[in-house]
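So you know, we letter chains A, B, ... as the sequences are listed, proteins then strands, and number each from 1.
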Amino acid sequence: PRFQSSILQSYASISTLDDSISLFNHMVKRFQTHPSFSLDRSTCHVLLSKSCDSPDPDLSHVHKVLNLMVSNGVSPNSGTVDIAVRGLCSVDRVDDAVLLLKELSLKHSKPDTYTYNFLVKCLCKTRSLSTVYSFIDDMRSNFGLSPDLVTYTILIDNVCNSKNLREAMRLVGVLKDCGFKPDRFVYNTIMKGYCVLSRGSEVMEVYNRMKEEGVEPDLVTYNTLIFGLSKSGRVKEAKKFLRVMVASGHVPD
RNA sequence: UACUACACUUGUUCCC
(Lines give C-alpha, C1' and ligand atoms only; values in the text may rest on other atoms or scores of the structure.)
Protein backbone atom coordinates (compact mmCIF):
# COMPACT_ATOMS: atom_id res chain seq x y z
CA PRO A 1 0.00 0.00 0.00
CA ARG A 2 2.83 2.38 0.81
CA PHE A 3 4.34 1.59 -2.54
CA GLN A 4 1.18 2.17 -4.49
CA SER A 5 0.62 5.46 -2.70
CA SER A 6 4.06 6.59 -3.75
CA ILE A 7 3.49 5.59 -7.35
CA LEU A 8 0.16 7.36 -7.44
CA GLN A 9 1.56 10.39 -5.69
CA SER A 10 4.37 10.76 -8.22
CA TYR A 11 1.99 10.28 -11.07
CA ALA A 12 -0.53 12.74 -9.68
CA SER A 13 2.10 15.41 -9.32
CA ILE A 14 2.71 15.45 -13.07
CA SER A 15 -0.70 14.62 -14.49
CA THR A 16 -4.34 15.59 -14.34
CA LEU A 17 -6.87 14.45 -11.79
CA ASP A 18 -8.73 12.32 -14.32
CA ASP A 19 -5.53 10.59 -15.43
CA SER A 20 -4.71 9.94 -11.79
CA ILE A 21 -8.14 8.45 -11.26
CA SER A 22 -7.59 6.21 -14.26
CA LEU A 23 -4.40 4.94 -12.71
CA PHE A 24 -6.24 4.48 -9.44
CA ASN A 25 -8.95 2.44 -11.14
CA HIS A 26 -6.29 0.39 -12.85
CA MET A 27 -4.77 -0.30 -9.44
CA VAL A 28 -8.17 -1.33 -8.11
CA LYS A 29 -8.47 -3.96 -10.84
CA ARG A 30 -4.97 -5.23 -10.25
CA PHE A 31 -5.48 -5.52 -6.54
CA GLN A 32 -8.66 -7.46 -6.99
CA THR A 33 -6.58 -10.22 -8.58
CA HIS A 34 -3.89 -9.97 -5.90
CA PRO A 35 -5.57 -10.46 -2.55
CA SER A 36 -2.40 -9.64 -0.64
CA PHE A 37 -2.79 -6.00 -1.64
CA SER A 38 -5.47 -3.62 -0.54
CA LEU A 39 -6.47 -0.10 -1.31
CA ASP A 40 -5.75 1.82 1.81
CA ARG A 41 -6.76 5.22 2.96
CA SER A 42 -3.51 6.94 2.17
CA THR A 43 -3.75 5.88 -1.46
CA CYS A 44 -7.19 7.47 -1.61
CA HIS A 45 -5.89 10.55 0.18
CA VAL A 46 -3.36 11.14 -2.55
CA LEU A 47 -6.19 11.55 -5.00
CA LEU A 48 -8.19 13.66 -2.60
CA SER A 49 -5.30 16.03 -2.13
CA LYS A 50 -4.92 16.26 -5.88
CA SER A 51 -8.63 16.96 -6.34
CA CYS A 52 -8.44 20.13 -4.24
CA ASP A 53 -6.09 21.87 -6.65
CA SER A 54 -8.42 22.11 -9.60
CA PRO A 55 -10.77 25.06 -9.64
CA ASP A 56 -14.20 23.48 -9.57
CA PRO A 57 -16.70 25.91 -8.10
CA ASP A 58 -19.02 23.25 -6.73
CA LEU A 59 -16.39 20.93 -5.30
CA SER A 60 -17.31 18.35 -7.91
CA HIS A 61 -13.79 16.97 -8.19
CA VAL A 62 -13.52 16.52 -4.48
CA HIS A 63 -16.86 14.77 -4.40
CA LYS A 64 -15.82 12.53 -7.25
CA VAL A 65 -12.87 11.28 -5.25
CA LEU A 66 -14.88 10.94 -2.05
CA ASN A 67 -17.45 8.83 -3.88
CA LEU A 68 -14.68 6.72 -5.32
CA MET A 69 -13.33 6.15 -1.82
CA VAL A 70 -16.65 5.11 -0.41
CA SER A 71 -17.38 2.78 -3.31
CA ASN A 72 -14.03 1.12 -2.68
CA GLY A 73 -14.92 0.49 0.93
CA VAL A 74 -12.85 3.25 2.52
CA SER A 75 -15.02 5.57 4.53
CA PRO A 76 -13.76 9.07 5.23
CA ASN A 77 -12.39 9.63 8.72
CA SER A 78 -10.92 12.65 10.50
CA GLY A 79 -7.67 12.21 8.55
CA THR A 80 -9.64 12.47 5.34
CA VAL A 81 -11.24 15.66 6.56
CA ASP A 82 -7.81 17.01 7.41
CA ILE A 83 -6.40 16.30 3.94
CA ALA A 84 -9.37 17.97 2.25
CA VAL A 85 -9.40 21.05 4.49
CA ARG A 86 -5.66 21.64 4.15
CA GLY A 87 -5.78 21.01 0.44
CA LEU A 88 -8.54 23.54 -0.09
CA CYS A 89 -7.01 26.15 2.21
CA SER A 90 -3.65 25.85 0.51
CA VAL A 91 -5.23 27.18 -2.66
CA ASP A 92 -7.20 29.82 -0.78
CA ARG A 93 -10.52 28.02 -0.97
CA VAL A 94 -11.34 28.66 2.66
CA ASP A 95 -15.08 28.97 2.13
CA ASP A 96 -15.13 25.65 0.30
CA ALA A 97 -13.16 24.13 3.16
CA VAL A 98 -15.83 25.27 5.61
CA LEU A 99 -18.62 23.86 3.44
CA LEU A 100 -16.90 20.53 3.03
CA LEU A 101 -16.05 20.32 6.71
CA LYS A 102 -19.72 20.65 7.60
CA GLU A 103 -20.80 18.18 4.97
CA LEU A 104 -18.28 15.57 6.04
CA SER A 105 -19.12 16.12 9.69
CA LEU A 106 -22.74 15.28 8.96
CA LYS A 107 -22.11 12.38 6.62
CA HIS A 108 -18.90 10.79 7.83
CA SER A 109 -16.57 12.23 10.40
CA LYS A 110 -15.93 15.35 12.42
CA PRO A 111 -12.57 17.12 12.28
CA ASP A 112 -10.02 16.65 15.04
CA THR A 113 -8.80 19.65 17.02
CA TYR A 114 -5.82 20.11 14.71
CA THR A 115 -7.98 20.48 11.64
CA TYR A 116 -10.48 22.65 13.45
CA ASN A 117 -7.83 25.02 14.75
CA PHE A 118 -6.00 25.08 11.45
CA LEU A 119 -9.20 26.23 9.78
CA VAL A 120 -9.88 28.83 12.45
CA LYS A 121 -6.44 30.26 11.81
CA CYS A 122 -7.04 30.34 8.05
CA LEU A 123 -10.32 32.12 8.64
CA CYS A 124 -8.63 34.66 10.91
CA LYS A 125 -6.13 35.47 8.20
CA THR A 126 -8.63 35.87 5.41
CA ARG A 127 -12.02 36.74 6.85
CA SER A 128 -13.61 39.20 9.23
CA LEU A 129 -13.68 38.55 12.95
CA SER A 130 -17.45 38.19 12.89
CA THR A 131 -17.15 35.47 10.25
CA VAL A 132 -14.73 33.60 12.48
CA TYR A 133 -17.04 33.93 15.46
CA SER A 134 -20.04 32.66 13.50
CA PHE A 135 -18.04 29.67 12.35
CA ILE A 136 -17.13 28.87 15.94
CA ASP A 137 -20.74 29.28 17.10
CA ASP A 138 -21.94 27.14 14.23
CA MET A 139 -19.50 24.36 15.06
CA ARG A 140 -20.45 24.50 18.71
CA SER A 141 -24.20 24.48 18.34
CA ASN A 142 -24.53 22.18 15.35
CA PHE A 143 -21.60 19.81 15.75
CA GLY A 144 -20.73 19.90 19.43
CA LEU A 145 -17.22 21.17 18.80
CA SER A 146 -15.92 23.78 21.24
CA PRO A 147 -12.86 25.98 21.09
CA ASP A 148 -9.87 24.88 23.17
CA LEU A 149 -6.94 26.86 24.56
CA VAL A 150 -5.14 26.73 21.21
CA THR A 151 -8.21 28.19 19.51
CA TYR A 152 -8.32 31.03 22.01
CA THR A 153 -4.63 31.76 21.46
CA ILE A 154 -5.22 31.98 17.72
CA LEU A 155 -8.12 34.37 18.28
CA ILE A 156 -6.24 36.49 20.80
CA ASP A 157 -3.22 36.74 18.51
CA ASN A 158 -5.50 37.78 15.70
CA VAL A 159 -7.20 40.59 17.60
CA CYS A 160 -3.86 41.72 19.04
CA ASN A 161 -2.55 42.06 15.52
CA SER A 162 -5.48 44.37 14.81
CA LYS A 163 -4.47 46.27 17.94
CA ASN A 164 -7.76 45.39 19.59
CA LEU A 165 -6.48 44.65 23.07
CA ARG A 166 -9.89 45.24 24.58
CA GLU A 167 -11.24 42.29 22.64
CA ALA A 168 -8.18 40.28 23.58
CA MET A 169 -8.88 40.81 27.24
CA ARG A 170 -12.53 39.94 26.73
CA LEU A 171 -11.42 36.65 25.17
CA VAL A 172 -9.23 35.96 28.18
CA GLY A 173 -12.34 36.35 30.32
CA VAL A 174 -14.30 33.98 28.09
CA LEU A 175 -11.55 31.40 28.16
CA LYS A 176 -11.46 31.48 31.93
CA ASP A 177 -15.24 31.16 32.08
CA CYS A 178 -14.87 28.01 30.01
CA GLY A 179 -12.59 26.53 32.63
CA PHE A 180 -9.25 27.13 30.90
CA LYS A 181 -6.23 28.74 32.50
CA PRO A 182 -4.03 31.04 30.43
CA ASP A 183 -0.70 29.36 29.66
CA ARG A 184 2.63 30.67 28.35
CA PHE A 185 1.27 31.04 24.85
CA VAL A 186 -1.64 33.18 25.95
CA TYR A 187 0.46 35.41 28.20
CA ASN A 188 3.19 35.79 25.58
CA THR A 189 0.64 36.70 22.95
CA ILE A 190 -0.92 39.39 25.10
CA MET A 191 2.41 40.87 26.08
CA LYS A 192 3.32 41.07 22.43
CA GLY A 193 0.06 42.92 21.80
CA TYR A 194 0.80 45.52 24.46
CA CYS A 195 4.42 45.79 23.28
CA VAL A 196 3.46 46.84 19.78
CA LEU A 197 1.20 49.49 21.26
CA SER A 198 4.06 50.67 23.47
CA ARG A 199 1.94 50.09 26.54
CA GLY A 200 4.83 49.42 28.85
CA SER A 201 2.93 49.47 32.13
CA GLU A 202 0.37 46.98 30.88
CA VAL A 203 3.16 44.73 29.67
CA MET A 204 4.60 44.68 33.14
CA GLU A 205 1.20 44.04 34.71
CA VAL A 206 0.70 40.99 32.52
CA TYR A 207 4.23 39.80 33.19
CA ASN A 208 3.69 40.03 36.93
CA ARG A 209 0.33 38.32 36.78
CA MET A 210 1.84 35.50 34.79
CA LYS A 211 4.42 34.93 37.51
CA GLU A 212 1.79 35.18 40.23
CA GLU A 213 -0.19 32.49 38.47
CA GLY A 214 2.83 30.25 38.51
CA VAL A 215 3.43 30.31 34.76
CA GLU A 216 7.17 30.47 34.16
CA PRO A 217 8.52 32.86 31.53
CA ASP A 218 10.34 31.11 28.71
CA LEU A 219 12.68 32.08 25.90
CA VAL A 220 9.80 33.40 23.81
CA THR A 221 8.65 35.56 26.72
CA TYR A 222 12.05 37.18 27.01
CA ASN A 223 12.47 37.63 23.27
CA THR A 224 9.05 39.26 23.11
CA LEU A 225 9.82 41.61 25.96
CA ILE A 226 13.34 42.49 24.87
CA PHE A 227 12.42 43.14 21.24
CA GLY A 228 9.10 44.75 22.09
CA LEU A 229 10.37 47.11 24.76
CA SER A 230 13.44 48.09 22.73
CA LYS A 231 11.34 48.95 19.72
CA SER A 232 9.15 51.24 21.78
CA GLY A 233 12.20 53.01 23.16
CA ARG A 234 12.25 51.39 26.58
CA VAL A 235 15.77 50.11 26.20
CA LYS A 236 16.56 50.25 29.90
CA GLU A 237 13.72 47.88 30.76
CA ALA A 238 14.67 45.64 27.87
CA LYS A 239 18.20 45.38 29.21
CA LYS A 240 16.84 44.52 32.61
CA PHE A 241 14.99 41.58 31.12
CA LEU A 242 18.11 40.47 29.34
CA ARG A 243 19.79 40.21 32.73
CA VAL A 244 16.78 38.43 34.26
CA MET A 245 16.78 36.05 31.37
CA VAL A 246 20.43 35.12 31.79
CA ALA A 247 20.01 34.90 35.55
CA SER A 248 17.19 32.42 35.11
CA GLY A 249 19.36 30.14 33.07
CA HIS A 250 18.30 31.02 29.53
CA VAL A 251 20.83 31.55 26.81
CA PRO A 252 20.12 34.53 24.53
CA ASP A 253 19.70 33.30 20.97
C1' U B 1 5.77 -8.32 15.70
C1' A B 2 9.41 -5.79 18.80
C1' C B 3 13.30 -2.39 19.27
C1' U B 4 16.24 1.79 17.25
C1' A B 5 17.10 6.01 14.22
C1' C B 6 15.04 9.70 11.23
C1' A B 7 10.86 12.42 9.55
C1' C B 8 5.67 14.24 10.43
C1' U B 9 -0.20 17.27 11.92
C1' U B 10 -3.20 23.36 15.36
C1' G B 11 -1.36 28.59 18.95
C1' U B 12 3.04 33.08 20.99
C1' U B 13 9.05 35.84 19.89
C1' C B 14 13.16 35.80 16.44
C1' C B 15 14.50 33.91 11.35
C1' C B 16 12.14 33.71 6.35
**OP:** Could you check which of B:C14, B:U12, B:U10 has an atom nearest any side-chain atom of A:V150?
**Re:** B:U10
Original post:
Rounded to the Å, how far apart are A:N161 CG and B:G11 P?
Top reply: 14 Å
Original post:
Taking atom P of B:U10 as reference, at what distance in whole Å does atom CG of A:L145 sit?
Top reply: 18 Å
Original post:
Nearest of B:U10, B:U13, B:G11 to any side-chain atom of A:F185?
Top reply: B:G11
Original post:
Between atom CD1 in A:I136 and atom P in B:G11, what is the gap in whole Å?
Top reply: 15 Å
Original post:
Is A:D157 paired with A:K121 through a side-chain N to carboxylate O contact shorter than 4.0 Å?
Top reply: no
Original post:
Hey, are the side chains of A:Y222 and A:V244 touching, using non-hydrogen atoms and a 4.5 Å cut-off?
Top reply: yes
**OP:** Identify which nucleotide among B:G11, B:U13, B:C14 has an atom closest to any side-chain atom of A:K231, counting heavy atoms from C-beta outward.
**Re:** B:C14
Original post:
Atom CD1 of A:I154 and atom P of B:U13: how far apart are they, to the nearest Å?
Top reply: 12 Å
Original post:
With respect to the side chain of A:N117, which nucleotide from B:U12, B:U10, B:C14 is positioned closest?
Top reply: B:U10
Original post:
Contacts to RNA chain B from residues 239-253 of chain A, heavy-atom cutoff under 4.0 Å, which residues?
Top reply: none
Subject >> Options B:U12, B:U10, B:C14, nucleotide nearest the side-chain atoms of A:F227 >> reply: B:C14
Original post:
Taking the inter-plane angle between the rings of A:F241 and A:Y207 on a 0 to 90° scale, is it parallel (under 30°), tilted (30 to 60°) or perpendicular (over 60°)?
Top reply: perpendicular
Subject >> Spacing of A:I226 atom CD1 and A:K239 atom NZ [to the nearest 0.5 Å] >> reply: 12.0 Å
**OP:** In whole angstrom, give the distance that lies between atom CZ of A:R184 and atom C1' of B:U10.
**Re:** 18 Å
**OP:** Rounded to the nearest angstrom, tell me the gap between atom CG in A:D218 and atom C1' in B:G11.
**Re:** 13 Å
Original post:
Does A:K121 have a side-chain nitrogen or oxygen under 4.0 Å from the phosphate oxygens OP1 or OP2 of B:G11?
Top reply: yes
Original post:
At under 4.0 Å between heavy atoms, what does A:T189 touch on the DNA or RNA strands: base, sugar-phosphate, or nothing?
Top reply: sugar-phosphate
Original post:
What about A:D183, does its side chain sit under 3.5 Å from the base of B:G11 through a donor-acceptor pair?
Top reply: yes
Subject >> A:D148 CG - B:U12 P separation (whole Å) >> reply: 14 Å
Original post:
Expressed in angstrom and rounded to an integer, what is the separation of A:R86 atom CZ from B:C8 atom P?
Top reply: 14 Å
**OP:** Could you tell me whether A:R209 and A:E205 have a side-chain N and a carboxylate O separated by less than 4.0 Å?
**Re:** no
Original post:
To the nearest 0.5 Å, what is the distance between NE2 (A:H45) and CE (A:M69)?
Top reply: 4.0 Å
Subject >> Quiz item: cation-pi between A:R86 and A:F118, 6.0 Å / 45° >> reply: yes
